[in-house]
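Okay, structure first, notes after.
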Amino acid sequence: MPVWLEIAIRVAGVFAAFLVLPLVVGQTEHKVMAHMQGRLGPMYAGRFHGWAQLIADGVKFVQKEDVTPAAADKHVFKLAPAIALVPYLVAIIVIPLGPGDLVAQPLDMGLFLVLAVVGVGIVAVLMAGWASANKYTLLGALRAAAQLLAYELPLVLAAASVAMAAGTLSLSGIVEAWRPWWLLWQLPALGVFFLAGLAEIRRPPFDAPIADSELVFGYLTEYTGLRFALFLLAEYVGIVVIAALTTVLFLGGWKGPFADADLGWLWTLLKVGAVSFVVIWVRVSFPRLRVDQLQRFCWLGLVPVALAQLVLTAAVKVAT
């Protein structure tokens, strides 16, 4: 296969995953939340169970008026939604879907790159909060920045634990080294990584930066139409990325109960879907944390557990 064709196929695959998987998660969230909360919601778009409602919402966002506040920094305000999407697009490039060549760009430092670029998303939040010229948006952006600074530490420590156990920073290499008994050994790191990941993408119950009862809608208050939709898309892409990283690092990635490498991609997608479902379930089941509770949970809860797990992993590696 010519090099240019292989590159084109990989780029097309990345963009397909970037556009399709978040929409599937978004549609699933609408329907799962409706059933969990005992409410039907819109059931007419697309006829069968309202399957096309998310498409209808997208068309609605495109048609809405694009409003920019008079006092806003217009260039920064308009650029922020696009910046929110870029880190997750870069992250998807190095996350393996299956063994062998089923990854857009295999890197020996893939884990390091993903953790680095995911943290860049806060830049878009700060841009949106400051450029909107609104005290509620600024407070929401500052809350998000404080949240990111806190939860970045347990996220990295939990990822470092499984990387130390595997002896590599390559995401594909971590999956190759993974064994089923790691589900017990690395279970604390799994819990820490998953919860810190929810905080990183500001999903409930870690959604204090957009608390509607306090800050109207936080750093998103002044956004309308397509730019608001891009921020929502970034949230759903963030769910896919966190679910995929949890799958690759802690759940064995493409490894399933049967030794069939050809179905590896299917096991990865099923696991990503299961983790995404848990993300939705957590949103429905737990109330929003206050800002002080959010910080206390990180520094007095997740960080000590992550450090203890790191010490345990180091001890096991030395002993073996």
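Computed from a predicted structure; not experimentally measured.
- Between the CE atom in Met127 and the CG atom in Leu79 there is a gap of 4.0 Å [rounded to 0.5 Å].
- Every pair passing salt bridge (Lys or Arg N to Asp or Glu O under 4.0 Å) that includes a residue from residues 131-157 is listed here, sequence neighbours excluded: Arg143-Glu214.
- Rounding to the nearest 0.5 angstrom, the gap separating the CG atom in Leu111 from the OG1 atom in Thr168 is 9.0 Å.
- By the rule that hydrophobic residues join a cluster once side-chain heavy atoms approach within less than 4.5 Å of another member, Ile174 and Phe112 end up as members of one cluster.
- Applying the ring pair (Phe, Tyr, Trp, His ring centres under 6.0 Å) test to every pair with at least one member in residues 119-172, sequence neighbours left out, gives these pairs: Tyr151-Phe206.
- Annotation: side chain of Val125 is in contact with side chain of Arg202 (closest heavy-atom distance under 4.5 Å).
- Leu149 pairs by the side chain to side chain contact (heavy atoms under 4.5 Å, CB included) definition with nothing, not counting sequence neighbours.
- The two residues Arg283 and Pro204 make their nearest non-hydrogen contact at CG-CG, 3.7 Å.
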side-chain contact (heavy atoms from CB on, under 4.5 Å) evaluation trace for Val284 with Val32 | CA-CA 9 Å; Val284 177; Val32 168; 5.8 Å; no

Could you go step by step and tell me if Phe194 and Val275 meet the side-chain contact (heavy atoms from CB on, under 4.5 Å) rule?
-> CA-CA 9 Å; Phe194 177 74; Val275 176; 3.8 Å; yes

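- Residues satisfying the side chain to side chain contact (heavy atoms under 4.5 Å, CB included) criterion with Val11, sequence neighbours excluded, are Ile7, Phe15.
- For Tyr88, there are no ring pair (Phe, Tyr, Trp, His ring centres under 6.0 Å) partners, not counting sequence neighbours.
- Residues Val24 and Val272 do not share a hydrophobic cluster, clusters being chains of Ile/Leu/Val/Met/Phe/Trp/Tyr side chains in contact below 4.5 Å.
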Which is it for Trp182 and Phe250 under the side-chain contact (heavy atoms from CB on, under 4.5 Å) test, yes or no, and what are the steps along the way?
-> CA-CA 7 Å; Trp182 284 22; Phe250 299 98; over 6 Å; no

Name the atoms and distances for all side-chain donor-acceptor pairs under 3.5 Å in residues 290-314, with sequence neighbours left out.
residue: Arg290; atom: NE; partner: Asp292; partner atom: OD1; Å: 3.0
residue: Arg290; atom: NH2; partner: Asp292; partner atom: OD2; Å: 2.9
residue: Gln293; atom: OE1; partner: Arg290; partner atom: N; Å: 3.0
residue: Gln295; atom: OE1; partner: Trp299; partner atom: NE1; Å: 3.2
residue: Gln295; atom: NE2; partner: Ala146; partner atom: O; Å: 3.4
residue: Gln309; atom: NE2; partner: Trp185; partner atom: O; Å: 3.2
residue: Gln309; atom: NE2; partner: Gln186; partner atom: OE1; Å: 3.4
residue: Gln309; atom: NE2; partner: Thr313; partner atom: OG1; Å: 3.3
residue: Thr313; atom: OG1; partner: Ser161; partner atom: OG; Å: 2.8
residue: Thr313; atom: OG1; partner: Gln186; partner atom: NE2; Å: 3.3
residue: Thr313; atom: OG1; partner: Gln309; partner atom: O; Å: 2.9

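- Residues Leu171 and Leu249 are in side-chain contact: their nearest non-hydrogen atoms beyond the backbone lie under 4.5 Å apart.
- In terms of the salt bridge (charged side-chain N to carboxylate O under 4.0 Å, His left out) criterion, Lys74 has no residue partners (sequence neighbours excluded).
- Residue pairs satisfying the side chain to side chain donor-acceptor pair (under 3.5 Å) criterion with at least one member in residues 270-282, sequence neighbours excluded, are listed as follows: Trp281-Ser285.
- Between Val123 and Val120 the shortest side-chain heavy-atom distance falls below 4.5 Å.
- The two residues Ile122 and Ala145 come nearest to each other via the heavy atoms CD1-N, 3.6 Å.
- Leu157 and Val248 are members of different hydrophobic clusters when ILVMFWY side chains are connected at heavy-atom separations under 4.5 Å.
- In this structure, the side chains of Leu107 and Leu113 come closer than 4.5 Å at one or more pairs of heavy atoms.
- The salt bridge (Lys or Arg N to Asp or Glu O under 4.0 Å) pairs that include a residue from residues 161-171 number zero, where partners must be two or more places apart or lie in different chains.
- Residues meeting the ring pair (Phe, Tyr, Trp, His ring centres under 6.0 Å) test with Phe77, sequence neighbours left out: Tyr223.
- Here the CD1 atom belonging to Ile280 is positioned 13.0 Å from the NZ atom belonging to Lys31, to the nearest 0.5 angstrom.
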Begin from the C-alpha positions of Leu97 and Trp254 and carry the test side-chain contact (heavy atoms from CB on, under 4.5 Å) through to its verdict.
-> CA-CA 7 Å; Leu97 181 61; Trp254 61 77; over 6 Å; no

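- Of all heavy-atom pairs between Ala158 and Ala189, the closest is CB-O, 3.5 Å.
- Side-chain contact between Phe286 and Val282: present, with at least one pair of heavy atoms (C-beta onward) separated by less than 4.5 Å.
- Counting heavy atoms from C-beta on, the side chains of Phe18 and Leu85 come closer than 4.5 Å.
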Side-chain donor-acceptor contacts of residues 233-245 below 3.5 Å, not counting sequence neighbours, with atom names and distances?
residue: Glu235; atom: OE2; partner: Arg203; partner atom: NH1; Å: 2.6
residue: Tyr236; atom: OH; partner: Glu29; partner atom: OE1; Å: 2.6

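- Within the 4.5 Å cutoff, side-chain heavy atoms of Val114 are placed close to those of Val94.
- Considering all non-hydrogen atoms of both residues, Lys78 and Pro81 come closest at O-CD, 3.4 Å.
- For Arg227, the salt bridge (charged side-chain N to carboxylate O under 4.0 Å, His left out) test picks out Asp66, with sequence neighbours left out.
- By the 4.5 Å heavy-atom criterion applied to side chains, Phe193 and Leu190 are not counted as neighbours.
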